[in-house]
Protein chains: 4
Amino acid sequence: MTSTAEPRPMRADARRNRRRVLDAARVAFEEGGAEVQMEDIARRAGVGVGTIYRHFPTKQALVDELIDEWLADGAANAAEALRIDDPWEGLAHFVRLSAEVMARNRGLRMVFGDIGLLFDENTGHQNRELHDNATRLLARAHAAGTLRADVGLREFRTLMCGLAMTVSLAGPDERRLYADVFLQGLHT
Amino acid sequence: MTSTAEPRPMRADARRNRRRVLDAARVAFEEGGAEVQMEDIARRAGVGVGTIYRHFPTKQALVDELIDEWLADGAANAAEALRIDDPWEGLAHFVRLSAEVMARNRGLRMVFGDIGLLFDENTGHQNRELHDNATRLLARAHAAGTLRADVGLREFRTLMCGLAMTVSLAGPDERRLYADVFLQGLHT
Amino acid sequence: MTSTAEPRPMRADARRNRRRVLDAARVAFEEGGAEVQMEDIARRAGVGVGTIYRHFPTKQALVDELIDEWLADGAANAAEALRIDDPWEGLAHFVRLSAEVMARNRGLRMVFGDIGLLFDENTGHQNRELHDNATRLLARAHAAGTLRADVGLREFRTLMCGLAMTVSLAGPDERRLYADVFLQGLHT
Amino acid sequence: MTSTAEPRPMRADARRNRRRVLDAARVAFEEGGAEVQMEDIARRAGVGVGTIYRHFPTKQALVDELIDEWLADGAANAAEALRIDDPWEGLAHFVRLSAEVMARNRGLRMVFGDIGLLFDENTGHQNRELHDNATRLLARAHAAGTLRADVGLREFRTLMCGLAMTVSLAGPDERRLYADVFLQGLHT
DNA sequence: GATGAATGAGGCTTCATTCAT
DNA sequence: CATGAATGAAGCCTCATTCAT
């Protein structure tokens, strides 16, 4: 919602604090699951709770911001994947990059329990760019005849939620295997 | 005081209430996620909170019971699958049946956020029979050369957690598709 | 309140249950302090909670009954003490017997925290006979000049509450010492 | 994070609130016995329940703090008494001062029902200074031949618990009498 | 009559959020 | 602006009492 009309440049230290809070929150959610408390996040960030509330009106708002960052990462990954000419390789690249992002954000998944909800129509979490890029990645693969025809955007998204679960349970060096199994499942 | 430590037959109405609580809890977790309140569960079950606590000392104990039932269902499914002679068909049957069980227990997944944790060494949730039967299902498929060699019990379990997430986001008629994609990913 | 007009003879087993409950309660209060639960008492008595409620409408009523028994014991002790001719020896005998009773009822003290309250005007716990006998015991000792003049019935009672505390903390073989110290303090 | 583990000076208002809570709790326990509720204490202190829990993690912790203050008062009284040269007068002074402290803390006694428990080995409530000073007070009196030889520290403590009960039932102007009777009982 | 399962008001405690310093 | 102390609604659980078996 802060697309244009920047209200105010924000002081350097304020921006730094904001960043620290977001990073601390991501780590905290990862270690503590859904029940991390604002005090924990504040302590990790090295600030007082009050400072968090200066930047985020609500705990939920803080979580929302993390999700938006997650989706933005996804959009960038999809864009990068589109630069690969081969349709299937592009899709595979996107899946592998996404596995990393999803693993890094495993804490968020635990907050919601249900990643799927994040991409739901009722939540405010849509990233147009991600949506568009993913659509094109799938379309190219469909056109090339390498992606199962019965897997559209909706199915792909649902399956990706499963992959998110899987990779978030796996160690860093296992993610590649799981991405491969996943991709094999999608191939015609 | 009953000499040989009989677990006591339990009055008919008590057993019925216990069952109602478990069923109500499953539904409640499904609709309300992890934060359902004991009062909610009680209301759905048509009993007072006290009755829940007579049967389950703790909210967690109630959840644990549901999980144990889940695993027991899994064990039974695996046993049924073993009765199918063809190794791959047996595995496929187990995966499809499991998709049903996992979908029915989607609420529990949300309670934990992390199903993987359930099968952790540190939690009390192991079902020996499920473990043994699954091991044999995989061994048969490996011997027949139909299952990817790099997918052992651990990997299978991790992947199943992903499938649990996927099917719990899907409608009843989509589960078959997701199970198929999953199985295709596992095949050599 | 059940002086005359016995409502009904009460069946033998009913009377026995009543007795068992009272005894179980005394022991339970002693071991568990004020927070013993009705279930505990029932278990110790070997009956169901319902049976307790058949005999005592309220937990408080059960406690009241125990207190009344305590006071009745005290009255009997005082009567016995009055049969000793020597005034001081009579008083001493009463104090020593009381030490036993108070020790046996230590649990009740913990229930109230404040034995003094038991003898308060606002509670229903007066035992006329105890009151009268104690008055006479003191009067005799005062007349003989062996009891401090500044210790009347009120003061004596207050001091006895202290002795109750002391002996309830002491082992069986220490009670005599504490009673002696107590008596020495009262002597002229 | 303050390198040398400073206990932190604590903000002025925080310290004041902590004090208010302790004082309110003392009064509340006195009036309401063991079953005072945290809400009551909070209301009396003019703070919210949360504030109590910021200072004391548990109701029990609050009680513990009051007990420690009680024992610290006792230790100071014993130290003061030791400055009196005459052994018996020193002991007498300690007993009289203690009567005041015990009366002021009558509520705490009711919380436990059993003060003796407070000085038990299993509770964390020992005050080394009180223990040492009391030991010396008794030793001096024993050496002077004015204190009964069969009353050691243990017996003295047990008897003091009785005095605590007595004075807490008495009005302010009666305490002196009860202390005198007590002392007379201890004298050779 | 006896039993123990069911009830539910009420207590202790937590934690997101607000506000004085 | 930053801090962390204060707030209080809300949740889990207990236990005296009631009631169906």
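Worth knowing before you read on, the calculation uses all heavy atoms, side chains too, and leaves out hydrogens, waters and symmetry mates. In what follows, every chain begins at residue 1, and chains take the letters A, B, ... in the order their sequences are listed.
- In this structure, the CZ atom of B:Arg19 is 18 Å from the C1' atom of E:dA5, given to the nearest Å.
- For D:His55 and F:dA5, the shortest distance from a side-chain N or O to OP1 or OP2 is not below 4.0 Å.
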Strictly under 4.0 angstrom, non-hydrogen atoms only: write out the protein contact profile of nucleotides 13-21 of chain E, one letter per nucleotide from the 5' end, B, S or -. BBSSBB---
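- The heavy-atom pair separating A:Asp73 from A:Arg104 by the smallest distance is OD2-NH2, 2.7 Å.
- Using a 4.5 Å heavy-atom threshold, the side chains of D:Leu108 and D:Ile67 count as touching.
- What you find for C:Ala42 and C:Gly48 is that their closest heavy atoms are CB-C, 3.8 Å.
- The separation between B:Arg54 atom CZ and E:dT7 atom P is 11 Å, rounded to whole Å.
- Residues C:Ile52 and B:Asn17 both approach DNA chain E. Their nearest nucleotides, taken by heavy-atom distance, put C:Ile52 toward the 5′ side.
- Proximity of D:Thr51 to the phosphate of F:dA5: no side-chain N or O atom is located under 4.0 Å from OP1 or OP2.
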For D:Arg18 and D:Val21: C-alpha separation, side-chain torsions, deciding distance, then whether side-chain contact (heavy atoms from CB on, under 4.5 Å) applies. CA-CA 5 Å; D:Arg18 186 187 156 86; D:Val21 168; 5.9 Å; no
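- Between D:Glu69 and D:Arg19 there is a salt bridge, since a side-chain N of the basic residue sits under 4.0 Å from a carboxylate O of the acidic one.
- Exactly one of C:Leu62, C:Val49, C:Leu22 qualifies for a side-chain contact (heavy atoms from CB on, under 4.5 Å) with C:Ile41. That residue is C:Leu62.
- Per the geometry, CZ belonging to D:Arg15 stands 12 Å off P belonging to F:dA6, to the nearest Å.
- Here the C1' atom of nucleotide E:dT7 and the CD1 atom of B:Ile41 are 17 Å apart, to the nearest Å.
- Test A:Arg106, A:Arg26, A:Arg44 against A:Glu31 for salt bridge (Lys or Arg N to Asp or Glu O under 4.0 Å) and you get one pass: A:Arg44.
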Can you give the dot-bracket line for DNA chain E, using ( ) for pairs inside the strand, [ ] for pairs that cross earlier ones, | for pairs with another strand and . for unpaired bases, where Watson-Crick and G-U count if both distances are under 3.5 Å? .||||||||||||||||||||
Let's go through C:Phe56 and C:Asp64 carefully: what are the C-alpha distance in whole Å and the side-chain angles of both, what is the deciding distance for side-chain contact (heavy atoms from CB on, under 4.5 Å) to 0.1 Å, and is it a yes or a no? CA-CA 10 Å; C:Phe56 308 95; C:Asp64 286 346; over 6 Å; no
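- The separation between C:Arg18 atom CZ and E:dA2 atom C1' is 17 Å, rounded to whole Å.
- Salt-bridge check for C:Arg20 with C:Asp23: failed, with every basic side-chain N at 4.0 Å or more from each acidic carboxylate O.
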